[in-house]
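Counting starts at 1 for both ligands and their atoms, following the listed order.
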Amino acid sequence: MSASGEKSDLPAGASGGQVVTRFAPSPTGFLHIGGARTAMFNWLFARHHGGKALLRIEDTDKARSTPEAIDAIFAGLDWLGLDWDDTPVFQSERAARHAEVAHQLLNMGKAYKCFATAEELEAMRAEQREKKLPMRYDGRWRDRDPSEAPAGAPYVVRLKAPQSGKMTIADQVQGNVTVDTRELDDYVLLRSDGTPTYMLAVVVDDHDMGVTHIIRGDDHLNNAFRQLALIQAMGWPEPVYAHIPLIHGNDGAKLSKRHGALGVEAYRDDMGVVSDAMFNYLLRLGWGYGDREKISRAEAVELFSLANVGKSPSRFDAKKLINLNGQYLREMDDTALAALVA
Ligand code: GLU
């Protein structure tokens, strides 16, 4: 990205409008290092601009979401000193609203009912595999009349994605990213049991929560284009995107447990890492201000900007974290230190 100033961080046409960010974890495990950093960047950006930082628990995958994971996420965020505005949104409670938007799109002719059976779709995929064609839904019900379907047959609702042209996202970290819209398929919004897909839920929730800036891991960059197609179909304002590079281990591979990457609470409980040190370490992992290593929360709020988020993956280094923690511990007064040990 070009070295843009602070102003470009703000949504076009929203000058004077309030910045609203969100952290949207799926509660399928503890708050890991990557999630914690994403949460921090959202929080810092909102606080820097005097806006709102919102929290949304994406608990639609009932089989994998657990109350323990939700508690661990809340506890981890709390420990890092990240407070959130408004009450947290639980995505699973909003299914009716998600379905409502799918039906609105149907009525507007921007979505359609697809009656293709599982066997039919499997045959379609097998053919695509064989012919080495891109694997995607071929739009077979896009222009067909629903009356051609057998009476009472189950259907899914699919988005009528744009079929030609290009789509560009002016990502605040990645720069301009363009895709050919032919690469976007008519993906499913509502399943045949009427439940919303993840893609629909995210877009509707971000819109209803008034989110202006979506700051998240770059593993979601591909999703952004599909989500944008839905936002455009609804005629909703487009958010500003910032996809931050994932954290890697010291060997350059995507960070995992193998690298000793744990939930944030493990660093607190097992390694005696203090909150300020963890905050400082995660801040510097992917964001920089000159060569400053030690930065307090208050300074971070003052200095944070998306323009200073690095474009390449950062490497998690537990030794560096422990080292920084040592500096914080040495500066603590006796009372605070005693409380910590207790
Ligand atoms: N729930 C998603 C995750 O935990 C994040 C979705 C998003 O930020 O849009 O990866």
Measure the CE-CD1 distance between M278 and I33 for me, rounded to the nearest 0.5 Å. 4.0 Å

Does the pair D208/R94 count as a salt bridge with the N-to-O cut at 4.0 Å? yes

May I ask you to check if ligand 1 and S26 share an N or O to N or O distance below 3.5 Å? yes

Only heavy atoms of A24, strictly under 4.0 Å: list the atoms of ligand 1 that pass. 1 (N), 2 (C), 3 (C), 4 (O), 5 (C)

If you scan protein heavy atoms around atom 1 (N) of ligand 1, the nearest is E58 OE1, 2.6 Å

Short side-chain donor-acceptor distance under 3.5 Å, D186 and W141: no

Check contact between Q227 and ligand 1, using heavy atoms of the residue and a distance below 4.0 angstrom. no

Which residue holds the protein heavy atom closest to atom 6 (C) of ligand 1, what is that atom called, and what is the gap in Å? Y198 OH, 2.8 Å

Which residue holds the protein heavy atom closest to atom 10 (O) of ligand 1, what is that atom called, and what is the gap in Å? H220 NE2, 3.0 Å

Looking only at side chains, do N176 and T168 share a donor and an acceptor under 3.5 Å apart? no

Would you mind listing which atoms of ligand 1 come within a distance below 4.0 Å of any non-hydrogen atom of R216? 7 (C), 8 (O), 9 (O)

Does F23 have a non-hydrogen atom less than 4.0 Å from ligand 1? no

Using a strict cut-off of less than 4.0 Å between a Lys/Arg side-chain nitrogen and an Asp/Glu carboxylate oxygen, indicate whether R315 and D317 qualify as a salt bridge. no

For atom 8 (O) of ligand 1, the protein heavy atom that lies nearest, with its residue and separation: R22 NH1, 2.7 Å

Charged N to carboxylate O under 4.0 angstrom, R191 versus D193? no

For Y137, does the six-membered ring have the charged nitrogen or CZ of R158 within the cation-pi criterion, i.e. under 6.0 angstrom from the centroid and within 45° of the normal? yes

